[in-house]
Amino acid sequence: TQLLEQSPQFLSIQEGENLTVYCNSSSVFSSLQWYRQEPGEGPVLLVTVVTGGEVKKLKRLTFQFGDARKDSSLHITAAQPGDTGLYLCAGVDPMNRDDKIIFGKGTRLHILP
Amino acid sequence: DTGVSQNPRHKITKRGQNVTFRCDPISEHNRLYWYRQTLGQGPEFLTYFQNEAQLEKSRLLSDRFSAERPKGSFSTLEIQRTEQGDSAMYLCASSRSRDEQYFGPGTRLTVT
């Protein structure tokens, strides 16, 4: 069973469009992290959301943590080809006492020029 | 460059051989994680160190896998008697807290 479910699995849209991807769980997380990964490279941390209901902005990217801290979303405004990549959410496994980090399977985003 | 480094970047080995990967974390980071990632999947947790102590080891890891972090600095991941199913990207990350991780570029292992 995947503790962190990401949707959609794949998304291909035209440059300039807006999009939202989701990270959902039935468990409460103390925080959630978002990463972007390009082929052949390690993931790069974009943001960590900590407080329920928190909204963080990173240029055209807006991250939100659900009020109940069970879900998070990433909204991209006016997508650009440079946004192409695998978007991963991650958090400390709430079933584990030793800060084990778990990841979702990711959303693979492709922005068409 | 003061980021996380991993060596080698690529490794091709024959089934049954042993391989060892190295990870050099960001110098002030006390936490170090190893993950495995296959195509189309997110990283799967393998093991985690806080300083030199190995705090967690995934049930995914068989007895053929072992990791060390002597003196709480660099870490090595060894796979003995490699199998084709071990082919994957092996990622290392380091951090100061549980709310962030900084990844290296990974070691891509191909077992033929």
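Per chain, numbering begins at 1; letters A, B, ... match sequence-line order.
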Check: If Ile, Leu, Val, Met, Phe, Trp and Tyr residues are connected whenever their side-chain heavy atoms lie under 4.5 Å apart, and connections chain through other members, are B:Y48 and B:I26 in the same group?
Finding: yes

- Exercise: do B:R98 and A:S30 side chains pair donor with acceptor under 3.5 Å: yes

Most heavy-atom pairs under 4.5 Å with chain B, out of A:P43, A:P39, A:G42, belong to A:P43

With side chains defined as the heavy atoms from C-beta onward, is the minimum distance between B:Q41 and A:L86 less than 4.5 Å? no

Turns out that what part of A:E41 lies under 4.5 Å from chain B's heavy atoms comes down to both

| task | Decide if atom NZ of A:K105 counts as having more than 12 heavy atoms of other residues, nucleotides or ligands within a radius under 6.0 Å. | result | no

TODO: Answer yes or no: are there more than 12 heavy-atom neighbours, outside B:R64 itself, under 6.0 Å from its atom CZ?
DONE: yes

Under 4.5 Å to a heavy atom of chain A? For B:L91 that would be side chain

Indicate, with yes or no, if A:Y22 and A:V49 share a hydrophobic cluster defined by side-chain heavy-atom contacts under 4.5 Å among Ile, Leu, Val, Met, Phe, Trp and Tyr. no

Whatever's closer than 4.5 Å to a heavy atom in chain B on A:Y35 counts as side chain

Query raised in the report: Which is it for B:Y102 and A:V44 under the side-chain contact (heavy atoms from CB on, under 4.5 Å) test, yes or no, and what are the steps along the way?
Result: CA-CA 7 Å; B:Y102 297 90; A:V44 175; over 6 Å; no

Turns out that what part of B:Q6 lies under 4.5 Å from chain A's heavy atoms comes down to neither

Under 4.5 Å to a heavy atom of chain B? For A:I102 that would be neither

Practice problem: Treat each ILVMFWY residue as a node, draw an edge where side-chain heavy atoms are under 4.5 Å apart, and state whether A:F65 and A:L3 are in one component. | Solution: yes

Testing the 3.5 Å rule here: is there a donor-acceptor pair between the side chains of B:D99 and A:T48?
no

Okay, A:Q37 and chain B: the region with an atom under 4.5 Å from a heavy atom over there is side chain

Neighbour count >12 (heavy atoms, 6.0 Å) for atom CD, B:E68
no

| query | Above 12 or not: heavy atoms from other molecules or residues under 6.0 Å from NZ of A:K56? | reply | yes

**Prompt:** Can you tell me if CD on A:Q9 sees more than 12 non-hydrogen neighbours from other groups inside 6.0 Å?
**Reply:** no

For the ring pair A:F103 and B:F45, is the centre-to-centre distance below 6.0 Å?
no

Can you find a heavy atom in the side chain of B:Q101 that is under 4.5 Å from one in the side chain of A:I101?
-> yes

Query raised in the report: Do A:I13 and A:L61 belong to the same hydrophobic cluster, where Ile, Leu, Val, Met, Phe, Trp and Tyr are linked whenever their side-chain heavy atoms lie under 4.5 Å apart, directly or via other members?
Result: yes

In terms of heavy-atom pairs under 4.5 Å with chain A, the winner among B:G40, B:G42, B:G106, B:P43 is B:P43

If you count every heavy atom of other residues, nucleotides or ligands that lies below 6.0 Å from A:L58 atom CG, does the total exceed 12? yes

If you tally heavy-atom pairs under 4.5 Å between each of B:A93, B:G104, B:P105 and chain A, the highest tally belongs to B:P105

